[in-house]
Enquirer: 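Please find one structure pasted underneath; my questions will follow.
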Amino acid sequence: MTTQPDHITLPDDDGDDVGTYVPEAAGPVTPPSFSDFGVHPLIVQALADSGIHAPFPIQAMTLPVALGGHDIIGQAKTGTGKTLGFGVPLLHRIVSPTDPGYDDRPAPGKPQALVVAPTRELANQVMGDIKTAASLRGIRVTAIYGGRAFEPQLEALRAGVEVVVGTPGRLIDLAGQGHLDLSYVQTVVLDEADEMLDLGFLPDVEKLLAMTPASRQTMLFSATMPGAVVALARRYMTQPTHIRAINEEGDSGHTVAAIEQFVYRAHAMDKVEMLARILQARERGLTIVFSRTKRTAAKVADDLRERGFASASLHGDLGQGAREQALRAFRAGKIDILVATDVAARGIDVENVTHVVNYQCPEDEKTYLHRTGRTGRAGNTGVAVTFVDWDDLPRWGLINKALDLGIPDPAETYSSSPELFSDLDIPTTATGRLPRSERTRAGLDAEVLEDLGETGKAHRAPSRGGNDRSRGDRGGRDGQRGGDRTGGGQGSAPAASGDRPARSRNRRRTRGGSPQGS
DNA sequence: AAAAAAC
């Protein structure tokens, strides 16, 4: 495997970042297995049983620090294994009481690790991932979140659990009622930490943290970690080590290179038709369509069903049962289109999501990264298409600038002046029709790109830095489980994308050569 | 301004 961490930022005695640690200069940082970090054999075995053999960069970088009991602010791009980055250490610390940092209070059945997530579905997913790694050691993992009956959750707590994963409201509720004892918690994780420390969540998160021992280990993880959040986070942490798993040089550090990104200038009334055409892509697997409002999500799902697509919506106006049913059907491939609000923007990991469509432009660059990051995970490639309508122009301008996508100002791309498109590798003509030789790209069928008229100009973000070596030959859930994709796309691994003809792109990777999949 | 998150 060619993936390797590029640098780790180490703290000085005050916990401040002091510089960059370059792995090549100090020997290998990515050993061949979890065992090399001293991870408990039964955890290693459970991981191996699910096809996970070698740690991803964020995991390799995090493990030694986390097992030492230190606080961590961990940042790695979408789909690169953050969940096990905290899941493995928190489990190891539960089963290995002699490790440094363990406070040696035997409290079987009392929660010793608490993971907090911003949505119920994510809490559920993370619970499952940790449970898999914990299975052979009999560590009990449970999810605590709202929208569901109290009784089963209370029953699980009564029976005894060592790891609790949940959303803030229900956790506080049950803790306040004395059903959830957080006084033995030794590890607290804020997943999607920048979101959890945002205004809407911060008061609840503070309450939860206050219920845990001050001596706890605190770990924050997210793909996006603004400096202001890091500064704020230090108030709740003890000399945190800031760990960033960044792609190799040449990468702008923002978007995932494996996600091919397109932007369409779209008139609101044309969006459904444009979407329908994109959904006819020949090599499309599962697709998530994002909207900014619950109403639009429901409406678009309806429109698509009317047109014969197997779609369902996922948003906060649905009952929890319906939400989970929609996600379950999507995971199982019973429907291949999920139309969601930003409830599904963060963390949700579904195999074989080949396309993400921003039916409504995301609010900011963080949301753009998280939404588009539902595809292109774990070494696979993906396609992200964003519709930008008149109202979105300023919004998109900010995203484009913040992420350095290199896409011309949307106000300019709206112009039909051909010079403005000369640098783009998708040629546009007066009619917006593409020449025959250029019709298939981004996994979109030729028909999809035809006849889109003024709104049909696709503007592809140039690849950053032309270095794709960091795309690991791995696949599967949380980036590491083996398994096949459906829907073809057996192509060769993309080479440096900056100098490749466009038509050779967009092939999903083959699955061979995985260091973890055999 | 929207969405999320407890009852």
Side-chain angles (χ1 to χ4, degrees), chain A residues 114-127 142-154 157 164-180 182 189-211 222 224 229 268 288-301 313-324 326-327 338-348 358-371 373-374 386-387 389-396 398-399:
Chain A
L114 172 68
V115 181
V116 191
T119 67
R120 298 160 181 176
E121 287 74 17
L122 181 55
N124 216 10
Q125 174 185 296
V126 169
M127 179 272 293
T142 200
I144 302 288
Y145 55 83
R148 290 222 161 259
F150 282 89
E151 198 44 47
Q153 297 180 7
L154 293 178
L157 293 175
V164 168
V165 186
T167 50
R170 180 66 66 91
L171 286 170
I172 291 172
D173 195 349
L174 295 192
Q177 293 184 41
H179 300 297
L180 172 63
L182 296 177
V189 178
L190 302 186
D191 197 8
E192 306 298 340
D194 56 325
E195 174 82 353
M196 302 314 295
L197 294 175
D198 200 32
L199 261 48
F201 278 114
L202 186 58
D204 279 353
V205 169
E206 276 188 329
K207 277 180 206 149
L208 278 171
L209 290 176
M211 298 184 211
S222 182
T224 51
V229 172
I288 303 181
V289 178
F290 282 104
S291 72
R292 219 163 44 232
T293 67
K294 294 176 276 197
R295 258 184 53 186
T296 303
K299 172 77 161 64
V300 170
S313 66
L314 173 60
H315 57 80
D317 274 351
L318 298 176
Q320 191 55 28
R323 285 168 59 160
E324 289 178 30
L327 188 53
L338 189 67
V339 188
T341 59
D342 285 324
V343 70
R346 283 177 177 256
I348 297 302
N358 288 318
Y359 187 90
Q360 290 177 310
C361 186
E363 197 56 48
D364 56 30
E365 74 279 4
K366 290 198 299 294
T367 308
Y368 180 86
L369 286 177
H370 287 285
R371 280 185 182 184
R374 295 317 96 208
T386 300
F387 293 167
D389 65 30
W390 177 259
D391 292 337
D392 295 327
L393 286 176
R395 203 178 273 119
W396 173 255
L398 291 174
I399 293 170

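Within every chain, numbering begins at 1; the chains are lettered A, B, ... in the order of the sequence lines, protein sequences first and strands thereafter.
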Enquirer: Find the distance A:Ile144:CD1 to B:dA5:C1' and express it as a whole number of Å.
Expert: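 About 15 Å, once rounded to whole Å.
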Enquirer: Could you give the NE2-to-P distance, from A:His370 to B:dA4, as a whole number of Å?
Expert: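 These atoms are roughly 16 Å apart.
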Enquirer: Is there a donor-acceptor pair closer than 3.5 Å between any side-chain N or O of A:Asp204 and the backbone N or O of A:Phe201?
Expert: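 No.
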Enquirer: Whole Å only: how far is the OH atom of A:Tyr145 from the C1' atom of B:dA5?
Expert: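 Answer to the nearest Å: 14 Å.
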Enquirer: With rounding to the nearest 0.5 angstrom, report the CG to CE distance, A:Leu114 to A:Met211.
Expert: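 CE of A:Met211 is found 10.0 Å from CG of A:Leu114.
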Enquirer: Check the distance between B:dA4's P and A:Asp364's CG and give it to me in whole angstrom.
Expert: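 Distance check: A:Asp364 CG to B:dA4 P gives 15 Å.
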Enquirer: At under 4.0 Å, does any side-chain N or O of A:Thr119 touch on OP1 or OP2 of B:dA3?
Expert: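 It does not, given that no N or O in the side chain of A:Thr119 lies less than 4.0 Å from OP1 or OP2 of B:dA3.
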Enquirer: Looking only at side-chain atoms of A:Phe201, point me to the closest of B:dA2, B:dA6, B:dA4.
Expert: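 Closest nucleotide to the A:Phe201 side chain: B:dA4.
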Enquirer: Can you tell me how far P of B:dA2 sits from CG of A:Leu199, to the nearest Å?
Expert: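 It is 16 Å, rounded to the nearest whole Å.
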Enquirer: Distance check: side-chain N/O of A:Thr167 vs OP1/OP2 of B:dA6, anything under 4.0 Å?
Expert: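 Answer yes for this pair, as a side-chain N or O of A:Thr167 is under 4.0 Å from OP1 or OP2.
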Enquirer: Would you check if the side chain of A:Arg374 reaches a backbone N or O of A:Ile348 as a donor-acceptor pair within less than 3.5 Å?
Expert: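 Confirmed, A:Arg374 side chain pairs with A:Ile348 backbone.
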Enquirer: To the nearest Å, give me how far apart CD (A:Gln153) and P (B:dA6) are.
Expert: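 Between P of B:dA6 and CD of A:Gln153: 9 Å.
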Enquirer: Look at all strands and tell whether A:Arg295 reaches a base, only sugar-phosphate, or nothing, counting heavy atoms closer than 4.0 Å.
Expert: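 No contact.
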Enquirer: At 4.0 Å (heavy atoms only), tell me whether A:Gly146 reaches a base, stays on the sugar-phosphate, or touches nothing.
Expert: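 Sugar-phosphate contact only.
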Enquirer: For B:dA5, does either OP1 or OP2 sit under 4.0 Å from a side-chain N or O belonging to A:Arg120?
Expert: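 For A:Arg120, the contact criterion (side-chain N or O under 4.0 Å from OP1 or OP2 of B:dA5) is met.
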Enquirer: Ignoring backbone atoms, test whether A:Arg148 places a side-chain nitrogen or oxygen under 4.0 Å from the OP1 or OP2 oxygen of B:dA5.
Expert: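 It does not, given that no N or O in the side chain of A:Arg148 lies less than 4.0 Å from OP1 or OP2 of B:dA5.
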Enquirer: Among A:Asp391, A:Asp392, A:Asp342, find the one that has a salt bridge (charged side-chain N to carboxylate O under 4.0 Å, His left out) with A:Arg292.
Expert: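 Single salt bridge (charged side-chain N to carboxylate O under 4.0 Å, His left out) partner of A:Arg292 among A:Asp391, A:Asp392, A:Asp342: A:Asp392.
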Enquirer: With rounding to the nearest 0.5 Å, note down the distance linking OG1 in A:Thr341 to CZ in A:Arg371.
Expert: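 One finds 8.5 Å between OG1 of A:Thr341 and CZ of A:Arg371.
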Enquirer: Could you check whether A:Phe150 gets within reach of a base, just the sugar-phosphate, or nothing at all, counting any heavy atom under 4.0 Å?
Expert: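 Result for A:Phe150 = sugar-phosphate.
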Enquirer: What is the distance from CD of A:Gln360 to P of B:dA1, rounded to the nearest Å?
Expert: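 After rounding, the gap between these two atoms is 16 Å.
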Enquirer: Separation of A:Asp392 atom CG from B:dA2 atom P, in whole Å?
Expert: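 Checked: the CG to P distance equals 14 Å.
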Enquirer: By nearest atom, which of the nucleotides B:dA1, B:dA4, B:dA6 is closest to the A:Glu363 side chain?
Expert: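 Closest nucleotide among those given: B:dA1.
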